[in-house]
Number of protein chains: 2
Amino acid sequence: MALQESGEMYLETILILGKRRSFVRAIDISEEMGYSKPSVSRAVGLLKSGGYITVDDGGCIALTEAGLAVAEKIYERHTLLTELLVCLGVDEKTAADDACRIEHHISDKSFEAIKRHAGQSGEHKRWSK
Amino acid sequence: MALQESGEMYLETILILGKRRSFVRAIDISEEMGYSKPSVSRAVGLLKSGGYITVDDGGCIALTEAGLAVAEKIYERHTLLTELLVCLGVDEKTAADDACRIEHHISDKSFEAIKRHAGQSGEHKRWSK
DNA sequence: TTGACAAGTTAGCTCCCGCTAACTATAATG
DNA sequence: CATTATAGTTAGCGGGAGCTAACTTGTCAA
């Protein structure tokens with residue numbers, strides 16, 4: 001079961017929610033992403049059977065190592081890409097939205113290259129004209 | 001009928017094929033994209049009814065104004081993003097593949113910002129460290 | 001003329017991933 | 001205790017976009 005863009009989004013959301021609250025349930029994901037409960041329910045089932053998350057009796061969701069790895073990878077892309085776009089003069093909202101889509105479509109190689117460039121340009125400052 | 005990523009890819013491919021040969025048929029698209037004839041047939045039908053292409057009696061496909069606008073927009077993104085990634089040290093193949101996916105997910109705002117930055121950095125040269 | 005190939009279409013399948021409607025199970029509350 | 005709210009699940013729909021199998025059509029060469 002290879003992860004789709006959709007699965008990556010769920011994992012990233014679980015990571016983010018976990019930073020904000022002590023536990024994450026399906027309903028929290030549902031509210032955060034604006035998806036219906038059944039949609040989340042199915043996604044959670046798939047991620048669980050794929051070994052990306054665990055769900056305890058109380059319905060609390062936790063990332064496994066595999067899930068955390070994916071979530072952190074995507075989250076890093078999201079953060080850096082957003083920053084970068086903002087530095088280039090894009091408004092926060094647009095930057096975040098775009099980063100949110102691009103983060104799933106960029107290869108490790110390209111992302112590392114961008115990261116290197118951003119780093120070299122003085123902690124991103126050179127990205128602002 | 002709003003254009004999906006898939007539709008954009010077909011239009012871009014038609015544009016590119018048109019630069020290489022005098023006419024473009026469904027079969028050419030099929031070979032270029034590696035998709036089956038029925039898949040292309042359906043896509044062509046949708047693009048036609050969406051007003052993005054015209055198909056003459058001989059099966060030759062041409063972009064309408066609307067189709068050309070989309071194709072050129074996507075193609076410009078493709079070209080610039082690929083160049084950029086290559087400048088950052090990414091190999092041609094990876095750069096092109098990534099550009100090919102990102103080109104459909106970036107907003108006009110962000111793309112313009114990147115373009116501006118690339119332009120200012122001395123015709124992309126500053127992108128290479 | 002006939003037979004073969006090339007191009008395109010039709011029918012129908014699969015997977016992904018949203019959705020609603022409706023049900024279940026568990027608390028919380030009057 | 002009965003009611004209501006909350007959380008989750010099941011069943012089934014719809015649209016996007018690939019695929020194969022099989023059919024049609026037109027052209028061209030033996």
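All values reported here derive from a predicted model rather than from experimental measurement.
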Separation of atom CD1 in A:Ile53 from atom C1' in D:dG8, rounded to whole Å: 13 Å
So B:Asp28 and B:Thr13, do their side chains get closer than 4.5 Å, heavy atoms only? no
Please report, rounded to the nearest Å, how far the C1' atom of C:dG8 is from the CD1 atom of B:Ile27. 8 Å
Would you mind reading off the distance between A:Ile29 atom CD1 and D:dT9 atom P, rounded to a whole angstrom? 11 Å
Assign B:Gly58 to base, sugar-phosphate, or nothing according to its heavy-atom contacts below 4.0 angstrom with the strands shown. nothing
Categorize A:Gly7 for me: base, sugar-phosphate, or nothing, with a 4.0 angstrom heavy-atom threshold over every strand shown. nothing
Is a donor-acceptor contact shorter than 3.5 angstrom present between the side chain of A:Arg25 and the base of D:dG8? no
Rounding to an integer number of Å, can you tell me how far A:Leu46 CG sits from D:dT10 P? 12 Å
Treating Ile, Leu, Val, Met, Phe, Trp and Tyr as nodes and any side-chain heavy-atom pair under 4.5 angstrom as an edge, say whether A:Val86 and A:Leu80 lie in one connected cluster. no
Using a cutoff of under 3.5 Å, can you pull out all pairs of nitrogen or oxygen atoms linking the protein to nucleotides 20-28 of chain D, with atom names and distances?
none

Out of curiosity, does B:Val55 fall in the hydrophobic cluster containing B:Phe23 (side-chain heavy atoms, cut-off under 4.5 Å, transitive links)? no
May I ask you to say what A:Ser6 touches in the nucleic acid, namely base, sugar-phosphate or nothing, with a heavy-atom cut-off under 4.0 Å? sugar-phosphate
Nearest whole Å is fine: how far is C:dC16 P from A:Met9 CE? 19 Å
Under a 4.5 Å cut-off applied to non-hydrogen side-chain atoms, are B:Met33 and B:Val40 in contact? no
Which atoms form the tightest heavy-atom contact between B:Ala26 and B:Ile61, and what is the distance? N-CD1, 3.6 Å
Atom CZ of A:Arg42 to atom P of D:dG8: distance rounded to whole Å? 16 Å
Where do A:Ala99 and A:Thr82 come nearest, in terms of heavy atoms and distance? CB-OG1, 3.2 Å
Which of the following nucleotides, D:dG18, C:dG8, C:dC19, is nearest to the side chain of B:Tyr35? D:dG18
Between C:dG8 and B:Ser41, is there an OP1 or OP2 to side-chain N/O distance shorter than 4.0 Å? no
Testing the 3.5 Å rule here: is there a donor-acceptor pair between the side chains of A:His104 and A:Gln4? no
In whole Å, what is the span from the CG atom of A:Asp57 to the P atom of C:dA27? 11 Å
Write down the distance between CD (B:Glu31) and P (C:dA7), rounded to a whole number of angstrom. 7 Å
Would you tell me if any nitrogen or oxygen in the side chain of A:Tyr10 comes within less than 4.0 Å of OP1 or OP2 on C:dG18? yes
